[in-house]
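Please read the structure below before turning to the comments.
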2 protein chains.
Amino acid sequence: MPEPDLTLFVRKLERKGQLAAADVEAILALPFSHKSVPPATYLVREGEPPRNCAILLSGFAYRHKIVGDGGRQIVSLHLPGEAVDLQNLYLSYADHNMQTLTQAELAVVPMTALRSLLDERPAVSRAILLHMLVEAAIMREWVTNIGRRDARTRLAHLLCEFAVRLNGPEQTGSLYEVPMTQEQLGDALGLTSVHVNRLIRSFEAEGLISRSRRALRFADHPALREVGDFSSLYLHLDDQLILG
Amino acid sequence: MPEPDLTLFVRKLERKGQLAAADVEAILALPFSHKSVPPATYLVREGEPPRNCAILLSGFAYRHKIVGDGGRQIVSLHLPGEAVDLQNLYLSYADHNMQTLTQAELAVVPMTALRSLLDERPAVSRAILLHMLVEAAIMREWVTNIGRRDARTRLAHLLCEFAVRLNGPEQTGSLYEVPMTQEQLGDALGLTSVHVNRLIRSFEAEGLISRSRRALRFADHPALREVGDFSSLYLHLDDQLILG
DNA sequence: CGCCCGTTTGAAATAATTCAACACCGGTGG
DNA sequence: CCACCGGTGTTGAATTATTTCAAACGGGCG
């Protein structure tokens with residue numbers, strides 16, 4: 001196993017805003033401890049004060065909230081390379097839970113180190129801010145997806161988003177693994193697992209997707225985009241940091 | 001009419017993070033043009049590159065997206081004192097629309113001026129970042145509200161949120177005006193205006209609220225919070241900026 | 001006065017949930 | 001090696017929340 005480090009995280013930030021060599025070094029010099037955790041590990045619990053910020057070196061994670069009647073809503077999904085607790089950076093307690101979806105490798109960075117990095121390096125601060133803006137844009141799309149699209153469209157939309165975030169915009173017909181159970185998909189979409197199941201089966205019956213165990217293939221990618229009312233603009237993939 | 005200025009905006013930022021006198025001065029020195037606009041004025045349109053950032057001196061605004069079948073989803077509401085285009089600060093085009101809800105007074109600040117302010121003043125940058133974190137927290141709650149609560153709970157929740165954001169946490173039984181039509185409420189909640197109407201009437205019949213024209217009184221505030229599964233924690237009202 | 005936008009109400013239609021049972025699959029222990 | 005187990009996926013039938021369609025009402029404003 002390679003010595004774990006933060007290069008993946010740096011690369012994600014660099015893709016957005018241009019960082020000077022000194023900025024990159026400062027990030028890589030961040031103190032962290034390495035951790036490997038099983039699926040369904042809690043990284044943050046609602047109500048906790050955030051002491052650390054976990055960066056996903058590998059594996060997937062999700063953010064969720066529990067409502068009064070026990071229902072669960074997944075509010076975001078996180079891919080390898082993402083810093084998972086940035087949302088708590090300056091807040092005194094977490095308003096949501098964060099849990100791993102799969103087995104995952106983490107770099108756990110003390111919040112204080114992160115905060116002083118941001119104070120000292122405006123370029124890093126801008127890059128992080130831009131990253132948060134994109135996260136917010138994704139959340140706006142989720143609100144829209146859940147609020148105003150029917151179940152079929154909603155699911156197709158999420159599948160498209162996931163594929164694009166994972167493989168970039170041009171993964172026509174590609175194979176990928178959705179690391180979620182149908183119940184988790186339901187919790188992300190505001191649907192029941194039963195209904196998600198029926199929708200998946202009908203996508204399959206219509207030849208939009210094909211499956212083998214948990215892996216999923218976009219049999220007809222353009223059609224699925226169409227069904228999902230999907231456009232990747234909100235992901236701001238090509239957005240570069242605007243300066244001045 | 002008083003000479004318009006940015007003190008309300010400053011005060012909102014100050015409530016969160018402590019700003020030095022020099023920071024406050026720098027914000028107040030921001031160049032802006034003053035504008036008074038009627039209800040339903042578009043401040044930003046999806047696809048536009050953001051050149052300016054409007055700050056609401058008075059009046060309300062909302063952010064929304066349009067889906068394929070013509071449906072509209074309101075993704076956030078904005079109160080006087082809020083900077084409305086911060087979400088586009090570093091993005092090259094807007095992924096949503098921004099529209100005034102009521103008649104409004106605006107301070108229109110050039111994006112470039114705002115960006116250089118942030119570069120020069122880390123404290124302001126932190127305060128803005130904290131403000132964005134709170135906005136994100138609200139959006140997580142909206143996703144949860146729309147995705148996992150039934151229509152009745154959902155509406156009660158939104159009414160509670162609005163009351164607290166407007167008047168602070170202790171406005172028991174207070175009178176306030178919801179500046180939205182029932183159709184707009186529906187678009188914010190992922191419901192139809194017809195259904196919103198029925199819910200409002202039933203709240204009224206149960207003595208939870210009372211109305212006179214557009215104004216609304218929380219006749220039984222604790223009960224409405226209960227119905228709405230509402231807790232104000234996610235608004236992070238008492239959160240102070242954490243340093244170091 | 002009359003018009004228009006927003007509200008109100010009812011009845012019929014439908015999308016999605018609920019409940020319940022069963023099948024499948026990979027993993028574990030006998 | 002097989003048997004069993006728990007979690008996940010699959011399917012059907014009945015129920016329900018919400019939408020749709022349509023019509024009427026009300027009040028503020030030109």
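Per chain, numbering begins at 1; letters A, B, ... match sequence-line order. Predicted model only: the values in this text are computed from it and were never measured. Values below: every heavy atom of this structure, side chains too, minus hydrogens, waters and symmetry copies.
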Shortest non-hydrogen separation from [X] to [Y] and the atoms involved:
{"X": "F9(B)", "Y": "G81(B)", "answer": "CD1-O, 3.3 Å"}
{"X": "V178(A)", "Y": "F162(A)", "answer": "CA-CE2, 4.5 Å"}
{"X": "H64(A)", "Y": "Y62(A)", "answer": "ND1-CE1, 3.4 Å"}

Rounded at 0.5 Å granularity, tell me how far [atom1] in [X] sits from [atom2] in [Y].
{"X": "D150(B)", "Y": "L155(B)", "atom1": "CG", "atom2": "CG", "result": "10.5 Å"}
{"X": "R225(A)", "Y": "L208(A)", "atom1": "CZ", "atom2": "CG", "result": "14.0 Å"}
{"X": "I138(A)", "Y": "S76(A)", "atom1": "CD1", "atom2": "OG", "result": "8.5 Å"}
{"X": "D5(A)", "Y": "F32(A)", "atom1": "CG", "atom2": "CZ", "result": "6.5 Å"}
{"X": "I66(B)", "Y": "Q73(B)", "atom1": "CD1", "atom2": "CD", "result": "10.0 Å"}

Report the distance from atom [atom1] of [X] to atom [atom2] of [N], rounded to the nearest whole Å.
{"X": "R148(B)", "N": "dA16(C)", "atom1": "CZ", "atom2": "C1'", "result": "11 Å"}
{"X": "I200(B)", "N": "dT8(C)", "atom1": "CD1", "atom2": "P", "result": "7 Å"}
{"X": "F203(A)", "N": "dG9(D)", "atom1": "CZ", "atom2": "P", "result": "16 Å"}
{"X": "I146(B)", "N": "dT18(D)", "atom1": "CD1", "atom2": "C1'", "result": "15 Å"}
{"X": "L155(B)", "N": "dT18(D)", "atom1": "CG", "atom2": "C1'", "result": "14 Å"}
{"X": "R154(A)", "N": "dT17(C)", "atom1": "CZ", "atom2": "C1'", "result": "13 Å"}
{"X": "Q182(B)", "N": "dT7(C)", "atom1": "CD", "atom2": "P", "result": "4 Å"}
{"X": "Q184(A)", "N": "dG9(D)", "atom1": "CD", "atom2": "P", "result": "9 Å"}

Over all strands shown, is [X] touching base, sugar-phosphate only, or nothing at heavy-atom distances under 4.0 angstrom?
{"X": "R211(B)", "answer": "sugar-phosphate"}
{"X": "L191(B)", "answer": "sugar-phosphate"}
{"X": "G186(B)", "answer": "nothing"}
{"X": "G71(B)", "answer": "nothing"}

Can you check nucleotides 21-26 of chain C for protein contacts, nitrogen or oxygen pairs under 3.5 Å, and list what you find?
{"unit_1": "dG26(C)", "atom_1": "OP1", "unit_2": "R213(A)", "atom_2": "NH1", "d": "3.3"}

Show each protein N/O and nucleotides 11-15 of chain C N/O combination with a separation under 3.5 Å, one pair to a line.
{"unit_1": "dA11(C)", "atom_1": "N6", "unit_2": "R198(B)", "atom_2": "NH2", "d": "3.1"}

Taking only the side-chain nitrogens and oxygens of [X], find out if one of them lies under 4.0 Å from OP1 or OP2 of [N].
{"X": "R201(B)", "N": "dT9(C)", "result": "yes"}
{"X": "N197(A)", "N": "dG9(D)", "result": "no"}
{"X": "T192(A)", "N": "dA16(C)", "result": "no"}

Comparing T181(A) with R149(B), nearest DNA chain D nucleotide closer to 5' gives the residue T181(A)
Q: Give a yes-or-no answer on whether the side chains of E141(A) and H157(A) include a donor-acceptor pair shorter than 3.5 Å.
A: yes
Please check if any side-chain donor atom of R140(B) sits under 3.5 Å from a side-chain acceptor atom of Q87(A), or the reverse.
yes
(message) What I'd like to find out is whether the side chain of M98(A) reaches to under 4.5 Å of the side chain of N88(A), using heavy atoms alone.
(response) no
Given the options R63(A), K65(A), R72(A), D187(A) meets salt bridge (charged side-chain N to carboxylate O under 4.0 Å, His left out) only with R72(A)
The helix from dC1(C)-dG30(D) to dG30(C)-dC1(D): angle between terminal helix axes, five bp per end, to the nearest 10 degrees, reads 30°
